[in-house]
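As the structure is a computational prediction, the values presented were derived from the model and not from experiment. As a basis for the values below, the full set of heavy atoms in this structure was taken, side chains included, without hydrogen atoms, waters or symmetry mates.
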Amino acid sequence: MSTFSWRNLLFLTLILLVAVTAAARSPDGEAAEDDPDPRFGAASVFWEAEKAAALDLGWERILFYWSEIQSEGPHYWNTLHVMEEWLREADAQGREVVGLIKNTPPWATDGVPYGGVPRGLYEPVDDPDNLWAVFVRRLINYYSERGVHRWIIWNEPDIETGVYGNEWAGDIEDYYRLLKVAYLVIKEEDPEATVHLAGLTYWHDVTAGREQYLRRFLEVVAADPEAPEHDYFFDVISLHIYFRAESVASIVEEIDAIQQSFGLDKPIWINETNAAPTLDPEWPVDRPQFQIDLEQQAWYIVQAHALGFAAGAERIGVYKLTDINLPPGGESFGLLRPDLSPRPGYYALQTVIDVLSGFRDVQMEENERYYIVTFTRPQGLTRVLWARTPEAVTLSVPPTTAEATLVQATGETSPLAAEDGSYTLTLEGARCYDLCLVGGPPLIVVEEAVQGEEEALHEEEALHEEEALHEEEEATATATREAGDEAEEGATATPPATVTALPTATVLQASTATPFPTLTPSATETATAGETPAGGAVRSLPPAFGWAGGAAAFMILLFLLVKFGRRLW
C-alpha cells in the first residue's frame, strides 16, 4: 500500500465539501435554512452595513439612475453610482439585490429631464437609435456579472405629470413600450433575470377617481398580440403602500383580483411600505396629515407584514432603512435617523424577521375589533394579534402548547403560560391622532413545539393541504359547471380562497376607551377595495431539503470512499 499523499487528502476534502454543500441546499437551489428568509427586505440598506446585517434581511433595493450612470452621454459609464462594495456586502450577507432603473438623462430625451420618454423608444430593440435599449443592454451585461438579476422598470408611473412625486412623463402606452423593450433586452442578455413592474401607489388613482393603473395598463398589454408568447413582458407586480395598516391586505387583494380578471397570476411584491413618524422628538416633521408617533411606526411594521403575507404578497420591503443627507425636519421614513440612531421601527422589523422567518403558511382571523394572523413555521405557530379600534379587548386564545413566549413589537419577551386551557391576552386599543391609521400595539405569541408535537404539526399541515386541494378542485369543478356558455367562450372561473380554520379566540371582555370622532375621509383617504374578507388563503411553501439531503449526501460520500478509497493509498 502506497503512502497517503496530500493529493489524496485534497481529493477527499473536495468530495466532503460537495456533499456538505448539497446537504445545505433545497431541491430548487434555495438557500439553506440558516440563510436569510428571502421574503423580508428593505431599501437604502447599504449606507449602514452593520445594522443591516443585524436585521438578517433577505433582499434589498438599490436605485440605478440612468441619469447618473450615463450623465455625460451614451459613451460615458459611471460605475461609482452603484458601488461594487455594496453588491459584495449584500452577497456576503445573503441579501438579494433588486435594482430599480429610472431617470432619463437630459441628453437622451426630447421631453422633460429625468421623466421624459427616451428618444428612439419605438425603434427596434437592436437599433442603436433606441437609446433605452442600448443602455439597458449594457447595464444588464455589466451588473449580471456582479450578481444582480432582478430589475424594476421605473417608479410610480401612476403619478400623473404635474402631481408631486411624478417620475414618468409618458402615458401608459409609452410605459408599456419602455417595459417591453427592457424585458426583451434583459431576457436576451440574462435569461434567468426577473423583470418587475414599476411600483404602483394605488391611492393616486383613487384620489383622481379613475380606474386603477394596473387595469388600464393590462388593457394595453392584452391588445398586443406579441404579449402572450413573452409572458406579458413582466414577471412580478410591485406595490407601494403607506400609513394605513388595514389597507395593506385590501390593496393586495384588489390588485390580485385585477390581474386574475385578465387571466394572470403573477407574484405580488410590496416593494415599499411604512408609516413615517412625524412625532419623533429627535426629528420632528411638519406634515399636514397622517400624524404618526414612533411607537405607531413600530406597530405598523408588524401589522403590515402580517396582513401583507396573509393577503398573498410574496415579498415585503420597508422603505427605508436609513434617512441620510437630509436637512433638519426632512422626511422620516428611515428606521435609522440621519445620525444612524435607530427608531423603534428598526427593532420592530428585526422582531418580525426573527419570529416569522421560515413560515410555511399563513391564515387570518378578522373580527371587527381585532386581528389574529397565524403563521405556521417548522418550529411551531406564531400568532400576531392586535386591536383594530381605540377599544381594548381581552381574548381567550386556545393554545397548541402548554407554554409560549409573548413578544412585544420591539422584541421584548416574557413567558406565557396557558391557564384553564387558554392564553388570556389583553390587546390595548389603537392610538388615534387626526385619523386612526394604525391598530393598537401588537402582541406576538410564539409557540415552539417539542419534537413529537412538531411531527404532529407537520402531519396536520399535510392534512390541511390535502383538504384544501380537494376543496379547491371541487370549487373549480362547480364554477366550471356554472359558467356554462361563458366558460366555452373563454371566461375563466376563479375558485374561492380556501381557509384552514384554527380554533377561534373568544372575547372575554372589552374595556371602553374614550371614543374617537367619526371621520368622513376625503378622496385621498378612502379606499375603493371594500371590506377585507374574513380569512386568508393558506399559502404553503416547499419544505427545506434538511436531513434527507444530508443523508443522501452522506451515502454518496460513503459510496465514493468504499469504491475508490483503496486506490487512494
#### Entry: Student check: side-chain heavy atoms of Pro157 and Leu200 closer than 4.5 Å
yes

### Task
Check step by step if side-chain contact (heavy atoms from CB on, under 4.5 Å) holds for Glu72 and Asn78.
CA-CA 9 Å; Glu72 304 301 320; Asn78 175 18; over 6 Å; no

### Task
Measure across Ile159 and Asn166 and return the closest heavy-atom pair with its distance rounded to 0.1 Å.
O-ND2, 2.7 Å

### Test applied, ring-ring contact (aromatic ring centres under 6.0 Å, His included); reference residue, Phe333; option that passes from Trp283, Phe290, Tyr319
Tyr319

### Message
Any non-hydrogen side-chain atom of Trp66 less than 4.5 Å from a side-chain atom of Lys102?
### Response
no

### Message
Within the structure provided, determine whether Tyr213 and Leu197 are in side-chain contact (heavy-atom separation under 4.5 Å).
### Response
no

### Message
With a 4.0 Å cut-off on N to O distance, would you call Arg337 and Asp323 a salt bridge?
### Response
no

### Query
Are any non-hydrogen side-chain atoms of Tyr114 and Pro106 less than 4.5 angstrom apart?
yes

### Query
When rounded to the nearest 0.5 angstrom, what distance separates CD in Gln289 from CZ in Phe243?
8.5 Å

### Query
Between the side chains of Tyr371 and Gln303, is a donor N or O closer than 3.5 angstrom to an acceptor N or O?
no

### Query
Which atoms form the tightest heavy-atom contact between Val248 and Tyr300, and what is the distance?
CG2-OH, 3.8 Å

### Task
Report yes or no: do Asp158 and Thr201 form a side-chain donor-acceptor pair below 3.5 Å?
yes

### Message
Can you confirm whether His204 sits close enough to Glu160 that some side-chain heavy atom of one is under 4.5 Å from a side-chain heavy atom of the other?
### Response
no

### Task
Identify whether the distance between the nearest side-chain nitrogen and carboxylate oxygen of Glu282 and Arg343 falls below 4.0 Å.
no

### Task
Please lay out, stage by stage, how Asn271 and Ser238 fare under the test side chain to side chain donor-acceptor pair (under 3.5 Å).
CA-CA 6 Å; Asn271 287 0; Ser238 308; 3.3 Å; yes

What side-chain donor-acceptor pairs closer than 3.5 Å can you find for residues 309-316, not counting sequence neighbours?
residue	atom	partner	partner atom	Å
Glu314	OE2	Trp269	NE1	3.0
Arg315	NE	Pro38	O	3.3
Arg315	NH1	Pro38	O	3.4
Arg315	NH1	Glu96	OE1	2.8
Arg315	NH2	Glu96	OE1	3.2

### Message
With side-chain contact (heavy atoms from CB on, under 4.5 Å) as the criterion, how do His196 and Arg150 come out once you've worked through the C-alpha distance, each side chain's angles and the decisive distance to 0.1 Å?
### Response
CA-CA 7 Å; His196 297 235; Arg150 284 188 182 270; 3.2 Å; yes

### Query
Are Asp171 and Arg216 within salt-bridge range, i.e. N to O under 4.0 Å?
no

#### Entry: Min side-chain heavy-atom separation Asp256-Ile268 under 4.5 Å
yes

### Query
Are the ring centres of Trp203 and Tyr242 closer than 6.0 Å?
no

### Query
Do Gln260 and Asp265 have side-chain N/O donor and acceptor atoms under 3.5 Å apart?
yes

### Task
Work out which heavy atom in Ile241 is nearest to a heavy atom in Thr273; give both atom names and the distance.
O-OG1, 2.7 Å

Side-chain donor-acceptor pairs under 3.5 Å in residues 82-92, sequence neighbours left out?
residue	atom	partner	partner atom	Å
Glu84	OE2	Tyr142	OH	2.7
Glu84	OE2	Arg146	NE	2.9
Glu89	OE2	Gln93	NE2	3.2

### Message
Using side-chain heavy atoms (C-beta onward) and a distance below 4.5 Å, is Glu60 in contact with Val98?
### Response
no

### Task
Would you indicate whether the side-chain heavy atoms of Leu321 and Leu55 approach each other to under 4.5 Å?
yes

### Query
If you look at every heavy atom in Pro277 and Val285, which pair is closest and at what distance?
O-CG2, 4.2 Å

### Query
Between Asp190 and Ile186, is there a donor-acceptor pair closer than 3.5 Å when you use the side chain of the first and the backbone of the second?
no

Side-chain atoms of residues 225-233: list all donor-acceptor pairs with protein atoms under 3.5 Å, sequence neighbours left out, distances to 0.1 Å.
residue	atom	partner	partner atom	Å
Glu226	OE1	Lys180	NZ	2.9
Asp231	OD1	Lys266	NZ	3.1
Asp231	OD2	Lys266	NZ	3.2

### Query
Where does the angle between the aromatic ring planes of His305 and Phe40 fall among parallel (under 30°), tilted (30 to 60°) and perpendicular (over 60°)?
parallel

